[in-house]
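The first residue in the sequence is number 1, and the count goes up from there.
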Amino acid sequence: MGKDTVADIITSIRNADMNRKGTVRIASTNITENIVKILLREGFIENVRKLVKKKKEFLVLTLRHRRNRKGPYRPILNLKRISRPGLRIYFHSQRIPRILDGMGIVILSTSRGIMTDRVARLERIGGEILCYIW
């Protein structure tokens with residue numbers, strides 16, 4: 001785990017999806033819990049459990065997979081980190097991008113917390129674009 005927790009979450013989920021793993025264990029912080037709640041609410045993951053081991057908290061995510069998938073690898077979950085510690089990307093509420101004409105989601109960090117692009121447009125709040133998910 002590095003210093004960029006959002007990139008660590010995205011990388012862990014992407015690697016587990018590529019290796020067809022059913023679960024992923026990530027460190028539990030406020031940012032990770034909020035992002036995982038969004039992923040669960042939007043249907044990108046099936047289940048979340050909180051695990052405490054040696055006074056450290058972890059989140060165990062159960063990924064959605066098509067059962068008995070054979071043949072070449074095709075990702076079910078596509079994630080892309082946008083804003084990073086070296087280059088922060090901010091957008092006004094009217095300029096937040098749409099991913100696949102609304103099929104994907106954008107996760108933003110706003111003054112009112114971490115939320116999706118749809119909620120941010122409804123509340124007319126801009127913020128830092130954390131990642132794209134489709």
Side-chain angles (χ1 to χ4, degrees):
M1 290 284 186
K3 296 186 188 272
D4 189 5
T5 57
V6 177
D8 290 339
I9 296 168
I10 290 172
T11 303
S12 297
I13 294 172
R14 187 183 306 122
N15 288 343
D17 186 39
M18 284 189 338
N19 291 326
R20 298 177 184 172
K21 301 286 183 189
T23 61
V24 180
R25 189 176 84 172
I26 58 174
S28 177
T29 63
N30 288 336
I31 293 172
T32 58
E33 286 181 12
N34 290 330
I35 291 174
V36 166
K37 284 179 189 175
I38 290 173
L39 292 175
L40 184 65
R41 186 174 55 231
E42 295 290 327
F44 289 106
I45 58 177
E46 282 184 12
N47 192 11
V48 178
R49 288 182 294 135
K50 197 169 227 180
L51 178 69
V52 179
K53 228 180 202 185
K54 295 182 183 177
K55 297 184 181 178
K56 292 189 178 184
E57 293 183 352
F58 296 98
L59 296 173
V60 179
L61 312 177
T62 305
L63 301 177
R64 285 183 51 205
H65 284 286
R66 285 179 291 203
R67 305 290 181 233
N68 301 324
R69 184 169 59 169
K70 291 189 168 95
Y73 168 71
R74 268 193 24 228
I76 294 175
L77 189 61
N78 292 309
L79 303 119
K80 184 176 181 184
R81 175 79 161 126
I82 302 302
S83 185
R84 51 192 171 89
L87 180 64
R88 304 285 185 184
I89 308 292
Y90 296 93
F91 278 103
H92 187 270
S93 64
Q94 296 169 348
R95 304 204 21 108
I96 296 172
R98 293 184 189 273
I99 305 303
L100 295 175
D101 288 331
M103 296 297 289
I105 63 170
V106 177
I107 297 180
L108 292 101
S109 176
T110 66
S111 59
R112 295 189 191 160
I114 295 177
M115 60 181 66
T116 63
D117 56 338
R118 292 180 207 114
V119 176
R121 279 192 205 96
L122 286 174
E123 294 186 12
R124 295 185 179 172
I125 300 174
E128 179 184 356
I129 305 290
L130 296 178
C131 59
Y132 296 156
I133 301 171
W134 70 95

> Looking at side-chain heavy atoms only, is the closest gap between Leu63 and Lys21 below 4.5 Å?
Replying inline: no
>> Which heavy atom of Ser93 sits nearest to which heavy atom of Ala120, and what is that distance?
In response: CB-O, 4.3 Å
> Are the side chain of Thr32 and the backbone of Ala27 linked by a donor-acceptor contact shorter than 3.5 Å?
Replying inline: yes
> In the single-linkage hydrophobic clustering (I, L, V, M, F, W, Y; side-chain heavy atoms under 4.5 Å), do Ile114 and Ile82 co-cluster?
Replying inline: no
>> Rounded to the nearest 0.5 Å, what separates atom CD in Glu42 from atom OG1 in Thr116?
In response: 5.5 Å
>> Looking at Arg118 and Ile105, would you say the former's side chain and the latter's main chain have a donor-acceptor pair under 3.5 Å?
In response: no
> Does the side chain of Val6 come within less than 4.5 Å of Ile107's, by heavy atoms?
Replying inline: no
>> Does atom CD1 (Ile31) have a neighbourhood of more than 12 heavy atoms from anything else shown, all under 6.0 Å?
In response: no
>> With heavy-atom distances below 4.5 Å as the criterion, would you say the side chains of Arg98 and Arg121 are in contact?
In response: yes
> Closest heavy-atom contact between Leu130 and Arg81?
Replying inline: O-NH1, 3.1 Å
> Closest heavy-atom contact between Glu33 and Leu59?
Replying inline: CG-CD1, 3.9 Å
> Atom CZ of Arg25 and atom CZ of Arg49: how far apart are they, to the nearest 0.5 Å?
Replying inline: 11.0 Å
> Are Leu108 and Ile89 connected, step by step, through hydrophobic side chains (Ile, Leu, Val, Met, Phe, Trp, Tyr) whose heavy atoms are closer than 4.5 Å?
Replying inline: yes
> Is the side chain of Asp17 donor-acceptor paired with the backbone N or O of Ile13 at a distance under 3.5 Å, no angle test?
Replying inline: no
> Out of curiosity, does Leu40 fall in the hydrophobic cluster containing Ile9 (side-chain heavy atoms, cut-off under 4.5 Å, transitive links)?
Replying inline: yes
> Can you name the closest pair of heavy atoms from Val106 and Pro97 and give their distance?
Replying inline: CG2-O, 3.5 Å
> Does Met103 share a hydrophobic cluster with Ile96, counting links as ILVMFWY side-chain heavy atoms below 4.5 Å and allowing steps through other members?
Replying inline: yes
> Are Ile35 and Ile129 linked, directly or through other ILVMFWY residues, by side chains that come within less than 4.5 angstrom of each other?
Replying inline: no
>> Let me confirm one number: the CH2-CG distance from Trp134 to Leu100, rounded to the nearest 0.5 Å.
In response: 7.5 Å
> Do the side chains of Lys3 and Pro85 get nearer than 4.5 Å, heavy atoms only?
Replying inline: no
> Any side-chain heavy atom of Thr110 within less than 4.5 Å of one from Glu123?
Replying inline: no
> To the nearest 0.5 Å, how far apart are CD1 in Ile38 and CD1 in Ile45?
Replying inline: 11.0 Å
> Can you name the nearest heavy-atom pair linking Val24 to Ser12, along with the distance?
Replying inline: CG1-CB, 3.8 Å
>> Could you check whether any side-chain N or O of Arg64 sits under 3.5 Å from a backbone N or O of Gly43, counting only pairs where one atom can act as donor and the other as acceptor?
In response: yes
> Taking only residues two or more places apart in sequence, or in another chain, which ones meet Glu128 in a side-chain hydrogen bond (donor to acceptor under 3.5 Å, both in side chains)?
Replying inline: Ser83, Arg88
> In Å and rounded to the nearest 0.5 Å, what is the CZ to CG distance from Phe44 to Asn78?
Replying inline: 9.5 Å
> What's the verdict on side chain to side chain contact (heavy atoms under 4.5 Å, CB included) for Leu61 and Ile26, showing C-alpha distance, side-chain angles and the deciding distance?
Replying inline: CA-CA 8 Å; Leu61 312 177; Ile26 58 174; 4.1 Å; yes
> Can you find a heavy atom in the side chain of Cys131 that is under 4.5 Å from one in the side chain of Leu79?
Replying inline: no
> Between CD1 of Ile10 and NZ of Lys80, what distance do you get to the nearest 0.5 Å?
Replying inline: 11.0 Å
